[in-house]
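Reminder, nothing fancy here: chain letters follow the sequence lines and each chain counts from 1. On a predicted model such as this, the values are computed, not experimentally measured, just so you know.
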Amino acid sequence: MSMDERYDPRSIEARWQARWEEAGAFRAGRRAPAPRRYVLEMFPYPSGAMHMGHARVYTIGDAIARHARMRGFDVFHPIGFDALGLPAENAALKDGRHPAERTRENIATFRTALKSMGYSFDWEREIATCDPEYYRWNQWFFLKMLERGLVYRRTGLANWCTSCLTVIANEQVVDDDRCERCGSAVVVKEIPEWAFRITAYAEDLLAGLAELGEWPERVTTMQRNWIGRSEGAEVDFAAGGEPIRVFTTRLDTIFGCTFVVLAPEHPAVARLATPERRAEVRAFVERMARTDALARTGEGAPKEGVFTGARARNPYTGEEVPVWIANFVLAGYGTGAVMSVPAHDQRDLEFARQYGLPVRVVIQPPAGERLPAAEALPRAFTEDGVAEDCGAWSGLPSSEARRRMAAFARERGFGAPAVRWHLRDWGFSRQRYWGTPIPIVHCDEHGPVPVPESDLPVLLPPQAIITGTGEPPLAKVPEFVRAACPRCGRPARRETETMDTFVDSSWYHARYLSPRDDRRPFDPEEARRWLPIDVYVGGPEHAVMHLLYFRFWHRVMHELGLTHEKEPCRRLVTQGIVNGPDGRKMSKRWGNVVEPGPMVARFGADTVRLFMLFAAPPEKDIDWSDEQVEGLHRFLQRVWRIFHARQDCFGAPPAALAGAGGPFLELRRRTHRTIQRVTQGLEGDLKFNTGIAALMELVNDLHRLEPAAAADRAAVREALLAAAALLAPFAPHAAEELWHEVLGPPVRDRLLCEEPWPSFDPVLVASDVVTIAVQVNGKLRGEVQAPASAGEAEVRELAQGQGRVQAHLAGKALRKVVFVPRRLINFVVG
RNA sequence: GGGGCCGUGGCGGAACGGGUAGACGCGGGGGACUUAAAAUCCCCUUCCCCGCCAGGGGAGUCCCGGUUCGAGUCCGGGCGGCCCCACCA
């Protein structure tokens, strides 16, 4: 036996990484008949070096993947790079290096770093989204979605510099209407953009959440809120030619409506403004359009508005109320117009008080006290109550009033019940270089024409002219812009905007299935085999954007016949942040950044991995701690030493196990209980920390025992083999090494990572003697050892035999005895 | 303002469906080994009180109340922290 006494991760880690790779141990699909498991971690954006957050996600995912493999599953565990995006472009602005070049380099660095951690990825399926062979399928999906009406062009308002001829950000507008760079006039212009009609799936995305029982509730709740279904009604207020349609969830309050407010962008504003007010209205609209969105509509923003001069007729009361426009009404929600009921809506009340508009109470609290008079109302009463002064609906509870009033509107044809969503369509045009070109050609005659599928991919031109302004860089590459209209062949202009990078991450999980396929985005047969993802690990910050787009896209793929299920992923695990040693978020500013690279060099990947798993359960934030890391490193050394010290047990015959007695029978029990506990920590709740703690206890026991007889040595050998196998998902390199040490010279094609997961003997796990707590009136007064099978009478006798228990029982009447088998007995006295 | 999560030793954290609170690790203390130190191995470590020891008593999971034989766990009300959304009509 040539076992080094010293634990030296440097040499063993590199060696096992090479062995795994040679053996192709992590290739998916090599155990074809076995049940499958798709374990995925969110792919990284390769910016410079790997950081601790990455080390944590991939360590968690890898422990799951390695365990599943040992459980006999055919495991799919791919990795790739989310390589397009803003950071590479911003970095290019500083040093002029081409994003492609920088990205290629970063990926290489990242790949090396990931490999040094020993993650069990199937590297043959690696993808990078900046590869045309990847993004051409973004373009393909775009075309398919265009065909289905799921992509459309809409206009949004943007600042347009009349001299630079480009879109500029609100922050770049100075002195109200001047361009920061050239001082020329800035106008608000309608700029077209591309959007995905995700709202068509609002209902289905919401309903689907019910099936995601293995997603953290906070994520499904966030999605539910984000989709934001609200039920209400739409009604028309007559105003001159065409009516103003408002959406409300509180139709029951409409008798209290004293004015109507439109968003500044509402299309009817120009028509409604009376001649004497037109100038003022226009000025307000233009100012609002230029104001930063957050400053304008944020909750803290002061309410501002102007009267249009127009009046609108309340269809229920026949009353004419003034029409205003104001900053707090959002064009994008509901109908962009609201009926204002200051007595029963706080925003409306504030606005009414500010502009001297009337307040009218029409709902009273259901029971007890009445609201003060309208003028004295301290704040709006926004709860449901009972309608008052509401014509035929007076006296009805709010919910009933809403229902009947909506039905009335439908009968009379001026409105109907309606459902509105908070979810907006996904605008995905970006005025950026480092993204997927949108496959469209603009023809003077035919407008926007899709690029035929056979002409894909539309390649990103190598000339990167990074503008850093709102202007699309691709517009500055004439060779790119110049194109022929696919329909008529005449000269036309290519679309110069690129896609949001959330497009890339919406379907990458499927591309892994057949990453080199050049005929389709992925092979539906493979999808049938591997999808949906069984476990997806990533940060909770992606709860709404990525994870919602990803669910949307999967539905589209389902409708295209590419996948057989609507939902992409069964179980989601959201992991917490790795903070600096000071408990603050790692940041250059605090000087508390710790990188995995140097830590791996110092302690080895296994130690860093153990730290990530032992510090806390996956979903909790953790603080990096040098002391804890050293402790985990000491643990591995301690494991190493015990294996070395017990070399004489390696050859012990398993047949001798039956003879183990005394402390060595206890050791056997401990071994089997450890198998049980580690297994539980890996399945179900994912509590790696307690699993590792159990392993530490086993190792501590081994250190305390000195085997002599053959049976003792067999028990020790059993414990050592179990320890190595249980360690494999967490500290895989050390585990392989130790496993092979016990078994003798390694057999070339037998790797621990492919061995079956150890099983425990239920007989050994169930101890035959248990400690039972003895309480008197719920207070602990002693404990007794009893056979596990002991009944109440037996335990009671043992307990009452104890002096201390007797002392507490003395002179009191025994009223009741509560007995919990194997756990406790409680004497209730009085 | 709305929604969600969470408050346990000096610290990170354990505690299966209410059943011995503090597993395991860090830090700290003591001992063994050593000429010495480091490393290692063993033991102790929630707090307070009584006791020479053995041991015993009390308090204790953010606070107040409730349910229960029994509450870290369940219920109600506070306080504090973190995260997400945020003038969504």
Side-chain angles (χ1 to χ4, degrees), chain A residues 216-222 224-226 228-230 232 246-250 253 261 263 294 296-303 326-330 332-341 344-348 350-351 382 420-424 540-541 543-544 576-577 583 610-611 614-617 619-623 625-632 634-635 637-638 641 645 677 680 684-685 687 689-697 699-700 703-704 771-783 804 807 815-830:
Chain A
E217 209 184 301
R218 72 190 200 107
V219 173
T220 49
T221 304
M222 279 169 68
R224 195 167 287 118
N225 293 342
W226 186 265
R229 183 190 150 95
S230 43
V246 302
F247 172 72
T248 178
T249 54
R250 292 299 305 274
T253 66
V261 188
L294 200 82
R296 188 190 118 188
T297 59
E299 200 175 0
K303 293 183 173 39
N327 61 341
F328 71 91
V329 175
L330 308 173
Y333 184 76
T335 59
V338 301
M339 61 174 217
S340 284
V341 185
H344 303 294
D345 182 289
Q346 188 57 30
R347 292 160 307 189
D348 294 346
E350 285 167 28
F351 193 78
T382 57
R420 286 286 173 169
W421 304 86
H422 179 194
L423 184 69
R424 309 298 159 84
E541 67 276 15
V544 279
I577 295 172
L610 276 180
F611 172 77
F614 184 70
E619 61 283 0
K620 286 198 73 160
D621 289 353
I622 59 178
D623 298 344
S625 157
D626 285 329
E627 290 80 12
Q628 286 282 347
V629 172
E630 278 166 28
L632 269 326
R634 273 202 294 274
F635 168 63
Q637 289 172 316
R638 199 165 146 81
R641 271 192 301 274
R677 286 174 64 191
Q680 281 169 355
D685 273 353
K687 296 205 134 190
N689 55 338
T690 54
I692 294 168
L695 265 170
M696 288 172 168
E697 287 180 61
V699 171
N700 288 345
H703 271 277
R704 280 188 280 261
T771 305
I772 294 177
V774 183
Q775 297 182 340
V776 177
N777 284 347
K779 281 192 187 286
L780 185 71
R781 296 302 178 191
E783 53 185 40
R804 194 175 153 213
R815 286 227 290 251
K816 188 175 172 184
V817 178
V818 180
F819 176 65
V820 183
R822 305 166 55 87
R823 289 208 162 268
L824 127 168
I825 187 161
N826 185 13
F827 297 96
V828 185
V829 297

> When the distance from NZ of Lys687(A) to C1' of G25(B) is rounded to whole Å, what number comes out?
Replying inline: 15 Å

> Please give, in whole Å, the distance from G70(B) C1' to Arg781(A) CZ?
Replying inline: 13 Å

> Can you check the Asp623(A) CG to C11(B) P distance for me, whole Å?
Replying inline: 13 Å

>> Roughly how many Å apart are C24(B) and G19(B), using the C1' atom of each and rounding to a whole number?
In response: 23 Å

> side chain to side chain contact (heavy atoms under 4.5 Å, CB included) with Arg815(A): which residues, sequence neighbours excluded?
Replying inline: none

>> Could you tell me how far G22(B) sits from U45(B) if I compare only their P atoms? Round to whole Å.
In response: 11 Å

Within the sub-3.5 Å range, which N or O atoms of nucleotides 18-20 of chain B have a protein N or O partner, and how far apart are they?
unit_1	atom_1	unit_2	atom_2	d
U20(B)	O2	Glu783(A)	OE1	3.1
U20(B)	N3	Glu783(A)	OE1	3.4

> How is Trp226(A) classified with respect to the nucleic acid when contacts are heavy atoms under 4.0 Å: base, sugar-phosphate, or nothing?
Replying inline: sugar-phosphate

> In Watson-Crick or G-U wobble terms, both distances under 3.5 Å, what is the partner of G51(B)?
Replying inline: none

> Could you state the CG-P distance from Asn327(A) to C88(B), rounded to the nearest angstrom?
Replying inline: 13 Å

>> I'd like to check the salt bridge (Lys or Arg N to Asp or Glu O under 4.0 Å) partners of Arg420(A); sequence neighbours left out, ordered by chain and number.
In response: Glu234(A)

>> Strictly by Watson-Crick or wobble contacts shorter than 3.5 Å, is anything paired with C41(B), and which nucleotide is it?
In response: G31(B)

> What pairs with Ala615(A) under side chain to side chain contact (heavy atoms under 4.5 Å, CB included), at least two apart in sequence or on another chain?
Replying inline: Phe611(A), Ile622(A)

> When you compare C85(B) with G28(B), how far apart are their P atoms, in angstrom units rounded to a whole number?
Replying inline: 42 Å

> Under 4.0 Å between a side-chain N or O of Asn689(A) and OP1 or OP2 of A14(B)?
Replying inline: yes

>> Measuring only the C1' atom in each nucleotide, how far is C48(B) from A39(B)? A whole number of Å is fine.
In response: 38 Å

>> Rounded to whole Å, please give me the gap between CG in Leu610(A) and C1' in C24(B).
In response: 13 Å

> Taking atom C1' of C87(B) as reference, at what distance in whole Å does atom CZ of Phe328(A) sit?
Replying inline: 7 Å

>> Once side chain to side chain contact (heavy atoms under 4.5 Å, CB included) is applied, do any residues pair with Arg250(A), and if so which ones, sequence neighbours excluded?
In response: Thr248(A), Asp252(A), Thr253(A), Ile363(A), Asp384(A), Ser398(A), Arg402(A)

> What pairs with Asp623(A) under side chain to side chain contact (heavy atoms under 4.5 Å, CB included), at least two apart in sequence or on another chain?
Replying inline: Asn579(A)

What are the atom names and distances for every N/O pair under 3.5 Å that joins the protein to nucleotides 3-6 of chain B?
unit_1	atom_1	unit_2	atom_2	d
G3(B)	O2'	Asn225(A)	ND2	3.3

> From the list C41(B), G57(B), A59(B), which nucleotide is the closest neighbour of the side chain of Arg641(A)?
Replying inline: C41(B)

> Of the nucleotides C24(B), C88(B), A59(B), which has the atom closest to the Ala693(A) side chain?
Replying inline: C24(B)

> Checking all strands, does Pro617(A) fall into the base, sugar-phosphate, or nothing category for heavy-atom contacts under 4.0 angstrom?
Replying inline: sugar-phosphate

>> With a 3.5 Å distance limit and no angle check, can you tell me whether Arg424(A) reaches the backbone of His422(A) through a side-chain donor-acceptor pair?
In response: yes

> Which pair of heavy atoms, one from Val329(A) and one from Gly336(A), lies closest together, and at what distance?
Replying inline: CG1-O, 3.6 Å

> How close or far is atom C1' of C87(B) from atom CD of Glu350(A), stated in whole angstroms?
Replying inline: 9 Å

Give every pair of a protein N or O atom and an N or O atom of nucleotides 30-34 of chain B that lie under 3.5 Å apart, one pair per line with the distance.
none

> Hey, does the Lys NZ or Arg CZ of Lys303(A) hover above the aromatic six-ring of Phe328(A), less than 6.0 Å from the centre and inside 45° of the axis?
Replying inline: yes

>> Give me the distance, rounded to whole Å, that separates G78(B) from G3(B) when you measure between the P atoms they each carry.
In response: 14 Å

>> Holding to salt bridge (Lys or Arg N to Asp or Glu O under 4.0 Å), I want the full list of residues that pass it with Glu783(A), two or more places apart in sequence or in another chain.
In response: none

>> Looking at Val829(A), is its backbone amide N or carbonyl O close enough to the side chain of Asn777(A) to form a donor-acceptor pair, meaning the two atoms are under 3.5 Å apart?
In response: yes

> Are the side chain of Asn826(A) and the backbone of Val820(A) linked by a donor-acceptor contact shorter than 3.5 Å?
Replying inline: no

What's touching nucleotides 52-54 of chain B from the protein side, N or O pairs under 3.5 Å?
none

Would you list the protein and nucleotides 42-46 of chain B atom pairs, both N or O, that sit under 3.5 Å from each other?
unit_1	atom_1	unit_2	atom_2	d
C42(B)	OP2	Arg638(A)	NH1	3.4

> Considering Watson-Crick and G-U wobble pairs with both distances under 3.5 Å, what does A86(B) pair with?
Replying inline: none

> G80(B) pairs with which nucleotide, Watson-Crick or G-U wobble, both distances below 3.5 Å?
Replying inline: C6(B)

> With distance as the sole criterion, do the side chain of Arg347(A) and the base of A89(B) form a donor-acceptor contact below 3.5 Å?
Replying inline: yes

>> Regarding Val828(A), tell me which of base, sugar-phosphate or nothing describes its non-hydrogen contacts under 4.0 Å with the strands shown.
In response: sugar-phosphate

> Which pair of non-hydrogen atoms, one from Leu632(A) and one from Met696(A), has the smallest distance, and what is that distance?
Replying inline: CD1-CE, 3.6 Å

> Looking across every strand, which nucleic acid part, if any, lies under 4.0 Å from Gly631(A) by heavy atom: base, sugar-phosphate, or nothing?
Replying inline: sugar-phosphate

> Closest heavy-atom contact between Leu610(A) and Ile692(A)?
Replying inline: CD2-CD1, 3.7 Å

> Between Glu697(A) and Ala615(A), which has a closest nucleotide on RNA chain B that is more 5'?
Replying inline: Ala615(A)

> Ser230(A) and Phe247(A): which non-hydrogen atoms are nearest, and at how many Å?
Replying inline: O-CZ, 3.8 Å

> What integer number of Å spans the C1' atoms of A59(B) and C53(B)?
Replying inline: 25 Å

>> What's the gap between G9(B) and U68(B) when it is taken at their P atoms, as a whole Å value?
In response: 29 Å

>> Side chain of Gln628(A), heavy atoms from C-beta onward: which of A59(B), G25(B), A89(B) has the nearest atom to it?
In response: G25(B)

>> In this structure, how many angstroms lie between the P atom of A38(B) and the CD atom of Gln637(A), rounded?
In response: 16 Å

>> Can you tell me whether the base of G9(B) sits syn or anti, using the 90° cut around 0 to define syn?
In response: syn

>> Using the salt bridge (Lys or Arg N to Asp or Glu O under 4.0 Å) criterion, which residues pair with Glu627(A)? Sequence neighbours excluded.
In response: none

> What does U46(B) pair with, Watson-Crick or G-U, if both distances are under 3.5 Å?
Replying inline: A59(B)

>> Below the 4.0 Å mark, does G27(B) have OP1 or OP2 next to a side-chain nitrogen or oxygen of Arg634(A)?
In response: yes

